[in-house]
**Q** 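Here you go, one structure.
In what follows, every chain begins at residue 1, and chains take the letters A, B, ... in the order their sequences are listed.
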Protein chains: 2
Amino acid sequence: MELDERKVTILKAIIKNYMDTGEPVGSRTISKYIDSKWSSATIRNEMSDLEEMGYIIQPHTSAGRIPSDKGYRFYVDQILQEKDSEVTEIQELMIQRVDRLELVLKQLAKLLAKDTNYAALISGPQYHRNKLKFIQLSKVDVHKLLIVTVVEGNLIKNSIVNIQEEISDEELLNLNILLNSSLNGLTIEEISLGVISRMKEQAGPHSQVVDLVLNEVADAIKVDEEDLQIYTSGATNIFKYPELSDNQKASQLLSTLEHTENLQELVDAVNENENENGIQVYIGDESPVKGMADCSVVTANYDLGDGIRGTIGIIGPKRMDYRKVLKTLRNLMTQLDATFKNDER
Amino acid sequence: MELDERKVTILKAIIKNYMDTGEPVGSRTISKYIDSKWSSATIRNEMSDLEEMGYIIQPHTSAGRIPSDKGYRFYVDQILQEKDSEVTEIQELMIQRVDRLELVLKQLAKLLAKDTNYAALISGPQYHRNKLKFIQLSKVDVHKLLIVTVVEGNLIKNSIVNIQEEISDEELLNLNILLNSSLNGLTIEEISLGVISRMKEQAGPHSQVVDLVLNEVADAIKVDEEDLQIYTSGATNIFKYPELSDNQKASQLLSTLEHTENLQELVDAVNENENENGIQVYIGDESPVKGMADCSVVTANYDLGDGIRGTIGIIGPKRMDYRKVLKTLRNLMTQLDATFKNDER
DNA sequence: TGTTAGCACTCAATGATGTCGAGTGCTAAT
DNA sequence: ATTAGCACTCGACATCATTGAGTGCTAACA
């Protein structure tokens, strides 16, 4: 069977109607909806065909039809092809003083959730190519040393360690020079035992401090790799959609959202099969995360240069307003790009 | 009327029973529960009295009784008086390498939620007495300066700023000395215009940098005051308690938990009327946050010295296992104390 | 041949009705 | 003062009929 123009019209009408109401839609409704070009009987016939073709589903005999995953997929693919010429302004997205990426991301998630009325998710940046850029030791106290490390992408880490022996200012200066000249520009993998033992030799009496520093360096960089930050917001929005908010499903979905390890999978999956413009739509079972089979997930990848990349996601009911979500996300991406490219952060 | 011994026994029995089952408890149940010292009829009479006195409530005629807020209050006050001699070990609470307070707090919240099966909340530290301890400027790039500030309590902040003019290593060293000698030991309030203009004079050509630094210092310290970090965990645990998990209530409670500004109120309130051992129990309407009228909230204040203080909270149904929660919290406090006092962080 | 009107059929949702049982309050007996 | 007994209440639950939205099929029509 062929998906002729009339079938497409009807399919679209069904999907749009269902998006509004969340209720199965019947033939008469559609007949009225499309200015009665065709009677309900005709629609019925077409709907029967559409069901056979797998685009719509009947929850039970004598109920209207609702779109199937395949139906949504068709609809979304159509939207994805549209060029969005008009750029809606999301003025609120003006990002204030960007000093701490974390804060911005959290606010962004909040904003997205509020804007779309769905749940939003945003992963903190993953840093690839982790080259060490700068190290600084400072004496904060007689027995306390402050270690500051800057990694490519201007990611800063610091920690305070206790030391036994005292170090003079001069010695500290030398150590700083030694550390920077030996380590700068290297990734963790490149900091080999050879490099280390050479440094220790040169550090002389303070080789113990070198050990401490290396620990902290390795630790600082590692931490951010293994437990990626993921922020969610607007999780409770799901209560706005009856088909998601029965106790069973709500509980499952919310707990999926609460445990970041699940979202981690999502972010990973998104990163793997990236498509051209970085935006991806998962409908129902297509989602890489199990607990979201009843939802749709729209994801986008942001890239702020310097190897700072992350993922943004919107999670809502299958009947989510794809057009709006896609537009919002596209918009956000451009804004992010603009802001961060200018700022040079 | 007097709360005689028998009434107390019966009241306790009702509360305990209700805690287990979550269902209204009737006179016969109680009669069996207390080894049939009294018949159900007697119990009925006493229950009638207890209801009149306001300790228990009948949801509807011909249902059993459930404890009222006043009833819970009585029960909790009794527990609060108990000395807890035996110290249960919560081995899992061993805190691993404590490098980032944030992470520890998050994990702590998770642990609490898992342990108690209620929702847990933990506020990041509020820093009182914000004395500046140490400043360090470093050149990361030709036009990029890294500013690291350490505040009393070893709270570290950093940021990277762009500068126009170039600064030589020597000038930077002098600036560092100037900044530290002028600012160390001062609070924000003490950094007056006088101090500032004097510094600028001495900084000579680089007075502009001084401005930048001051901005960052002020900003860094301010940020943590106005938007306090609050972590929650186990919010979905509330679905385990039918009396909280109907759609209406669950939605409200979850959204209250999601919006930190609400929790902020809680933390503030807790800080205001602190009682002797720092642990407090809010039952139902007693809670300072509106959205929690159907729950009980148990809070504790932690104090890690150096002016680092915060709040921990457990949120659960009114019939929560108060004894367990109180024990867990008390335990946690001692552990925190021990860990941080030793580590000197 | 494609479209439409009409009709019988299905089935979830709704509401009325009846039964059951847990629980109470009261009274009279102990 | 305590208890046994009894009538009464009321939510929970099951049953049943009703309703109405929706379908599929067939026959008539353009």
Side-chain angles (χ1 to χ4, degrees), chain A residues 1-11 13-15 17-18 20-68 71 242-243 246-247, chain B residues 1-11 13-15 17-18 20-68 71 242-243 246-247:
Chain A
M1 213 175 319
E2 187 76 27
L3 243 197
D4 58 19
E5 196 172 337
R6 190 167 71 184
K7 283 194 173 55
V8 170
T9 313
I10 292 175
L11 178 53
I14 293 175
I15 296 183
N17 232 282
Y18 181 67
D20 290 345
T21 64
E23 307 256 295
V25 346
S27 52
R28 270 205 57 185
T29 320
I30 297 297
S31 170
K32 275 182 286 177
Y33 192 80
I34 331 186
D35 262 351
S36 62
K37 256 199 221 157
W38 306 290
S39 84
S40 64
T42 315
I43 309 273
R44 270 206 290 288
N45 289 331
E46 295 288 29
M47 281 167 87
S48 179
D49 289 353
L50 282 171
E51 182 165 14
E52 200 182 323
M53 294 164 77
Y55 289 105
I56 52 181
I57 289 175
Q58 214 175 358
H60 52 259
T61 12
S62 90
R65 310 298 220 282
I66 62 175
S68 69
E243 69 266 42
D246 82 89
N247 240 323
Chain B
M1 213 177 315
E2 188 75 27
L3 242 198
D4 59 21
E5 196 173 337
R6 191 167 71 186
K7 285 195 173 55
V8 170
T9 313
I10 293 175
L11 179 53
I14 293 175
I15 296 183
N17 231 282
Y18 181 67
D20 289 345
T21 64
E23 307 256 295
V25 347
S27 51
R28 269 205 58 189
T29 319
I30 298 297
S31 170
K32 275 182 285 178
Y33 191 80
I34 332 186
D35 262 352
S36 61
K37 255 198 216 156
W38 307 290
S39 84
S40 65
T42 315
I43 309 273
R44 271 205 291 287
N45 290 330
E46 295 289 29
M47 282 166 89
S48 180
D49 290 350
L50 282 171
E51 182 165 16
E52 201 183 321
M53 294 163 77
Y55 288 105
I56 52 181
I57 289 176
Q58 213 174 359
H60 53 261
T61 13
S62 91
R65 311 299 221 281
I66 61 174
S68 69
E243 70 266 41
D246 81 272
N247 238 325

**Q** List in numerical order all residues of residues 44-53 of chain B for which some heavy atom is under 4.0 Å away from an atom belonging to DNA chain C.
**A**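 Contacting residues: B:R44, B:M47.
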**Q** With side-chain contact (heavy atoms from CB on, under 4.5 Å) as the criterion, how do A:I56 and A:S68 come out once you've worked through the C-alpha distance, each side chain's angles and the decisive distance to 0.1 Å?
**A** CA-CA 5 Å; A:I56 52 181; A:S68 69; 5.9 Å; no
**Q** How would you list, by chain and number, every residue that makes a side-chain hydrogen bond (donor to acceptor under 3.5 Å, both in side chains) with A:R6, sequence neighbours excluded?
**A**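 Here the qualifying residues are A:E46.
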**Q** What protein N or O atoms touch nucleotides 9-11 of chain C N or O atoms at under 3.5 angstrom, if any, and at what distances?
**A**
| residue | atom | partner | partner atom | Å |
| --- | --- | --- | --- | --- |
| C:dT10 | O2 | A:S62 | OG | 3.0 |
| C:dC11 | OP1 | A:T61 | OG1 | 3.1 |
| C:dC11 | O4' | A:S62 | OG | 3.0 |

**Q** Without decimals, in angstroms, what is the distance between A:I66 CD1 and D:dT23 C1'?
**A**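 These atoms are roughly 16 Å apart.
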**Q** Please report the distance, rounded to the nearest Å, between CG in B:N17 and P in C:dG23.
**A** 10 Å
**Q** How close or far is atom C1' of C:dG2 from atom CZ of A:R6, stated in whole angstroms?
**A**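 For the pair A:R6 CZ and C:dG2 C1', the rounded distance is 8 Å.
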**Q** Looking at A:S31 and A:W38, would you say the former's side chain and the latter's main chain have a donor-acceptor pair under 3.5 Å?
**A** yes
**Q** For a quick test of reading the model, state the closest non-hydrogen atom pair linking B:I15 to B:G71 and the distance between them.
**A** CD1-O, 3.6 Å
**Q** With a non-hydrogen cut-off below 4.0 angstrom, is B:A63 in contact with a base, only sugar-phosphate, or nothing?
**A** sugar-phosphate
**Q** Any side-chain N or O of B:T42 below 4.0 angstrom from OP1/OP2 of D:dT3?
**A**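 True: B:T42 side-chain N/O within range (under 4.0 Å) of D:dT3 OP1/OP2.
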**Q** What is the distance, rounded to the nearest whole Å, between atom CD1 of B:I30 and atom C1' of D:dT2?
**A**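 Atom-to-atom, B:I30 to D:dT2, this comes out as 18 Å.
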**Q** Return no unless some side-chain N or O of B:R65 is found under 4.0 Å from OP1 or OP2 of C:dT24.
**A** yes
**Q** Taking CD1 from A:I43 and P from D:dG24, how many angstroms apart are they, rounded to a whole number?
**A** 13 Å
**Q** Test your reading of the model: is there a side-chain donor-acceptor pair from B:S48 to the backbone of B:R44, 3.5 Å cut-off?
**A** no
**Q** Expressed in angstrom and rounded to an integer, what is the separation of A:E23 atom CD from D:dG20 atom C1'?
**A**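 Checked: the CD to C1' distance equals 14 Å.
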**Q** Is there a side-chain contact between B:S27 and the phosphate of C:dG23, meaning an N or O under 4.0 Å from OP1 or OP2?
**A**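 False: B:S27 side-chain N/O out of range (4.0 Å or more) of C:dG23 OP1/OP2.
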**Q** Would you name the heavy atoms of A:A13 and A:Y33 that are closest together and state the gap between them?
**A**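 Answer, listing the atom of A:A13 first, then A:Y33: CB-CD2, 3.9 Å.
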**Q** Output the rounded distance in Å from NZ (B:K7) to C1' (D:dA1).
**A** 12 Å
**Q** Locate the shortest heavy-atom distance separating A:V25 from A:I14; write the atom from each residue and the value.
**A** CG1-O, 4.0 Å
**Q** Let's go through B:K7 and B:L50 carefully: what are the C-alpha distance in whole Å and the side-chain angles of both, what is the deciding distance for side-chain contact (heavy atoms from CB on, under 4.5 Å) to 0.1 Å, and is it a yes or a no?
**A** CA-CA 7 Å; B:K7 285 195 173 55; B:L50 282 171; 4.2 Å; yes
**Q** Could you go step by step and tell me if B:S40 and B:R28 meet the side-chain hydrogen bond (donor to acceptor under 3.5 Å, both in side chains) rule?
**A** CA-CA 5 Å; B:S40 65; B:R28 269 205 58 189; 5.8 Å; no
**Q** Reading DNA chain D from 5' onward, which residue's closest nucleotide shows up sooner: A:V25 or B:A41?
**A** B:A41
**Q** A:Q58 has an atom CD; how far is it from atom C1' of D:dG22, in whole Å?
**A**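 Result: 8 Å.
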